[in-house]
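Note that this is a predicted model, so its numbers are computed, not measured.
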Amino acid sequence: MQARKTYALFVQHFGDRPLEGFARSDAAAFKELLSDLSANYGKAAEFRGMPAAEIVAATKSIDTDRLTPRTIQRHFNALAALWSAALEKGQVASMTCSPGM
């Protein structure tokens with residue numbers, strides 16, 4: 001279930017395109033987005049239906065809790081698992097998203 005949320009956030013931010021079309025710079029941009037995302041983005045009524053980038057923009061100047069490094073790492077672990085499976089199947093040439101990013 002948690003991995004699905006990661007994939008949904010990733011697709012929402014970058015669009016639905018083949019994994020081979022992503023670069024490490026995309027992974028870095030996603031990490032920056034997650035770092036700036038309000039910790040209650042999925043629970044707060046005022047954020048319902050808003051894309052993550054809009055939530056970041058709306059909360060940029062507000063003192064609010066952000067996602068923890070542990071949560072960000074969990075998102076990257078999910079993406080790394082996706083890339084690893086795609087690599088095993090020959091769908092991508094390299095690991096764009098790795099757990100250590």
Side-chain angles (χ1 to χ4, degrees):
M1 178 70 169
Q2 290 180 345
R4 274 190 250 163
K5 185 61 177 175
T6 299
Y7 305 150
L9 279 170
F10 198 76
V11 168
Q12 176 192 79
H13 191 65
F14 292 108
D16 190 8
R17 61 187 202 217
L19 291 179
E20 65 193 21
F22 290 99
R24 283 202 174 268
S25 59
D26 294 319
F30 190 61
K31 186 173 186 177
E32 184 176 336
L33 174 82
L34 293 175
S35 296
D36 292 338
L37 193 57
S38 176
N40 66 348
Y41 76 95
K43 299 175 186 135
E46 69 261 27
F47 300 144
R48 198 162 292 135
M50 288 176 70
E54 285 183 25
I55 296 170
V56 167
T59 61
K60 198 71 164 174
S61 61
I62 297 172
D63 184 25
T64 186
D65 290 335
R66 306 292 171 184
L67 294 183
T68 65
R70 183 177 177 183
T71 300
I72 294 167
Q73 185 62 46
R74 180 182 49 77
H75 283 293
F76 269 82
N77 287 342
L79 289 174
L82 176 66
W83 252 267
S84 181
L87 188 62
E88 285 180 21
K89 293 179 181 179
Q91 297 171 336
V92 295
S94 65
M95 289 288 289
T96 298
C97 288
S98 60
M101 285 216 58

How close do [X] and [Y] get, heavy atom to heavy atom, and via which atoms?
| X | Y | value |
| --- | --- | --- |
| Leu67 | Ala39 | CD2-CA, 3.9 Å |
| Gly21 | Asp26 | O-OD2, 4.1 Å |
| Met50 | Ala58 | CE-CB, 4.2 Å |
| Leu87 | Ser94 | CD1-N, 3.9 Å |

**OP:** May I ask you to decide if the ring planes of Phe22 and Phe14 are parallel, tilted or perpendicular, using 30° and 60° as cut-offs?
**Re:** perpendicular
Original post:
Going by the angle between their ring planes, with limits at 30° and 60°, are Phe30 and Phe10 parallel, tilted or perpendicular?
Top reply: perpendicular
**OP:** Give the cluster check for Val11 versus Phe47: same hydrophobic cluster or not, with ILVMFWY residues linked at side-chain heavy-atom distances below 4.5 Å.
**Re:** no
Subject >> Trp83 vs Leu79 side-chain heavy atoms within contact, under 4.5 Å >> reply: yes
Could you state the interatomic distance from [atom1] ([X]) to [atom2] ([Y]), rounded to the nearest 0.5 Å?
| X | Y | atom1 | atom2 | value |
| --- | --- | --- | --- | --- |
| Asp36 | Thr64 | CG | OG1 | 12.0 Å |
| Thr59 | Tyr41 | OG1 | OH | 12.5 Å |
| Leu37 | His75 | CG | NE2 | 7.5 Å |
| Lys60 | Ser38 | NZ | OG | 12.5 Å |

Original post:
Does Gln12 use its side chain to pair, donor to acceptor, with the backbone of Ala52 at less than 3.5 Å?
Top reply: yes
Subject >> Ser84 side-chain N/O to Ala80 backbone N/O, donor-acceptor pair under 3.5 Å >> reply: no
**OP:** Check the pair Leu34 / Leu9 against side-chain contact (heavy atoms from CB on, under 4.5 Å), numbers first and verdict last.
**Re:** CA-CA 9 Å; Leu34 293 175; Leu9 279 170; 4.2 Å; yes
Original post:
When you look at CZ of Arg70, are more than 12 heavy atoms from neighbouring residues, nucleotides or ligands closer to it than 6.0 Å?
Top reply: no
**OP:** Using a cut-off of 6.0 Å, state whether more than 12 heavy atoms not belonging to Glu46 lie near its atom CD.
**Re:** yes
